[in-house]
Trainee: 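Have a look at this one before I ask anything.
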Number of protein chains: 2
Amino acid sequence: MRLTTKGRFAVTAMVDLALRGGDGPVTLAGISERQRISLSYLEQLFGKLRRHALVESVRGPGGGYCLAKDMHTVSVADIIRAVDEPIDATQCGGRENCHDDHRCMTHDLWTKLNDKIYEYLASVTLGDLVESQHVKNIAVLQDKREAAQTPAGKSAAYI
Amino acid sequence: MRLTTKGRFAVTAMVDLALRGGDGPVTLAGISERQRISLSYLEQLFGKLRRHALVESVRGPGGGYCLAKDMHTVSVADIIRAVDEPIDATQCGGRENCHDDHRCMTHDLWTKLNDKIYEYLASVTLGDLVESQHVKNIAVLQDKREAAQTPAGKSAAYI
DNA sequence: CTTTACTCGACTAAAACAATCGGGTATTAT
DNA sequence: ATAATACCCGATTGTTTTAGTCGAGTAAAG
Ligand code: FES
Ligand code: FES
């Protein structure tokens, strides 16, 4: 199973990109600073994302990256698949040969686990993440407002 | 995320154990030979399984390991948790601090993925695996019988 | 009192991962 | 032109994790 910080960074970076994709290309330097991810590492990741046609690049000053597709059509699974090797929880990698050229007793278990993981990651789109991010920001703003109104603070939680 | 051959071996070994737990303790040497897992490695794994009360040991000649509970009450998740560190797909490990002491934008995504994985692994018991193993053995026998009846072989699949 | 078989911690080799580096190229602005 | 911006890319490195070994020990059976 391959699910590493590489994939996590890629998703984070893509959310950042989607959040400010509105006005022209977004630079890696910006993402690097906002998300605290090393610039060279981002370059590596975005190379793969571009080769998998998830983003498009614009070179030169004023350049950067844009989403290549609508954010609602890009799933988290797509992103992770682009930067990590394909997700696979089986020992044999689908070859069904890990016990003397025979499928082992647990092959089906891992295959089905793969399906479950993939199913979930494919069900969440970049758009979903962006939306939930907006909701959260609104929630945070409301929290702050409420906190300002009731300086007693936590007591509000016990109504 | 931690889902390694260690966990896979542990599950395989436990299935082996459950399959022949009927008549007394099963030796690691036997499991080692049947499943092609190094004996010393098995010793390491069963140490953990015992400390997590999933198996019981009997020392001395004629000794070995038995299941400590009914095989239908032991889930795959229990086994993997016993030998690997706890499964966790988040970056922060639940501390919600990977972006400046703040929960990052993707924290919820990974948390939910964790839940999905855990939910599935917890839904499959050792008993289920043993049963599906029996079914498969019967299926294999049937396959062989059919193959013997129709030497043309694969053609049977196209009925 | 010897054999079997579990017990335990320390250790090592190999692989995977995270991250960096250095030298590019395309584009724009001056 | 040429300087500055920003993407492009392969090679390399240091670190961590994983897989697996080793050796010395203990309990029980016969
Ligand atoms: S995991 Fe596929 S044969 Fe064992
Ligand atoms: S994964 Fe938990 S805060 Fe980022």
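Chain naming here is simple, since letters A, B, ... match the order of the sequence lines and numbering starts at 1 in each.
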Trainee: Both A:P61 and A:Q44 contact DNA chain C. Taking the nearest nucleotide for each, which residue is further toward the 5' end?
Mentor: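 Nearest nucleotide further toward 5': that of A:Q44.
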Trainee: Rounding to an integer number of Å, can you tell me how far A:L45 CG sits from D:dC7 C1'?
Mentor: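 Taking CG of A:L45 and C1' of D:dC7, I get 14 Å after rounding.
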Trainee: For a quick test of reading the model, state the closest non-hydrogen atom pair linking A:S32 to A:S38 and the distance between them.
Mentor: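 Scanning both residues, the minimum pair turns out to be OG-C, 4.1 Å.
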Trainee: Are any of B:T4's side-chain N or O atoms less than 4.0 Å away from OP1 or OP2 of D:dA19?
Mentor: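 For B:T4, the contact criterion (side-chain N or O under 4.0 Å from OP1 or OP2 of D:dA19) is met.
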Trainee: Does C:dT7 have its OP1 or OP2 closer than 4.0 Å to a side-chain nitrogen or oxygen of B:R51?
Mentor: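 Checking B:R51 against C:dT7: no side-chain N or O falls below 4.0 Å of OP1 or OP2.
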Trainee: Taking all heavy atoms of B:M71 and all of B:T125, pick out the closest pair and write down the distance.
Mentor: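 B:M71 and B:T125 have their closest heavy atoms at O-CB, 3.9 Å.
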Trainee: Would you kindly compare A:L39 and A:G60 by the position of their nearest DNA chain C nucleotide and give the one closer to the 5′ end?
Mentor: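 Taking each residue's closest nucleotide, the earlier one in sequence belongs to A:L39.
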Trainee: Please determine whether any donor N or O and acceptor N or O are separated by less than 3.5 Å between the side chain of B:R59 and the base of C:dT7.
Mentor: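 By the distance-only test, no, there is no pair.
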Trainee: Roughly how many Å is it from CZ in A:R8 to C1' in C:dA19, rounded to a whole number?
Mentor: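 Taking atom C1' of C:dA19 as the reference, CZ of A:R8 is at 15 Å.
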Trainee: Using side-chain heavy atoms (C-beta onward) and a distance below 4.5 Å, is B:L3 in contact with B:I117?
Mentor: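 In short, these two side chains do not touch, never coming nearer than 4.5 Å.
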Trainee: Check the distance between C:dT7's C1' and B:L49's CG and give it to me in whole angstrom.
Mentor: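 My rounded result for the distance is 14 Å.
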Trainee: Could you check whether A:Y65 gets within reach of a base, just the sugar-phosphate, or nothing at all, counting any heavy atom under 4.0 Å?
Mentor: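 The residue A:Y65 makes sugar-phosphate contact but no base contact.
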Trainee: Find the distance A:L3:CG to C:dC17:C1' and express it as a whole number of Å.
Mentor: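 Distance check: A:L3 CG to C:dC17 C1' gives 13 Å.
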Trainee: Where the side chain of B:Y41 is defined as all heavy atoms beyond and including C-beta, which of D:dG20, C:dT7, D:dC9 is the nearest nucleotide?
Mentor: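 Side chain of B:Y41 sits closest to D:dG20.
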Trainee: To the nearest Å, how far apart are A:F46 CZ and D:dG10 P?
Mentor: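 Rounded to whole Å, this separation is 18 Å.
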Trainee: Do A:Y41 and A:L54 land in one hydrophobic cluster if side-chain heavy atoms of ILVMFWY residues count as linked below 4.5 Å?
Mentor: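 The answer is yes; both residues are in one hydrophobic cluster.
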Trainee: Answer yes or no: does a side-chain N or O of B:R50 lie under 4.0 Å from OP1 or OP2 of C:dT7?
Mentor: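 Affirmative; the distance criterion is met.
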Trainee: For A:E43 and C:dG22, what is the distance between atoms CD and P respectively, to the nearest whole Å?
Mentor: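 To the nearest whole Å, that distance equals 14 Å.
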Trainee: Measure CG/A:L42 against C1'/C:dA18 and give the value in whole Å, please.
Mentor: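 Roughly 13 Å, once rounded to whole Å.
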Trainee: Would you kindly give the CD1-to-P distance between A:I31 and D:dA6, to the nearest whole Å?
Mentor: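 Atom-to-atom, A:I31 to D:dA6, this comes out as 13 Å.
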Trainee: Using a cut-off of less than 4.0 Å, is there contact between a side-chain N or O of B:T27 and OP1 or OP2 of C:dT4?
Mentor: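 Looking at the OP1 and OP2 atoms of C:dT4, neither is under 4.0 Å from any side-chain N or O of B:T27.
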Trainee: I'd like to know if A:D84 pairs up with A:K6 as an ion pair, taking the criterion as any Lys NZ or Arg NE/NH1/NH2 lying under 4.0 Å from an Asp or Glu carboxylate oxygen.
Mentor: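 No, no charged N to carboxylate O under 4.0 Å.
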Trainee: So if I take every side-chain heavy atom of B:T5 and compare against C:dC6, D:dC9, D:dA19, which nucleotide ends up nearest?
Mentor: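 The answer is D:dA19, which lies nearest to the side chain.
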Trainee: What contact category does B:S38 fall into here, base, sugar-phosphate, or nothing, at under 4.0 angstrom with non-hydrogen atoms?
Mentor: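 B:S38: backbone/sugar contact only, no base atoms under 4.0 Å.
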Trainee: Would you say C:dT7 has OP1 or OP2 under 4.0 Å from some side-chain N or O of B:S57?
Mentor: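 Yes.
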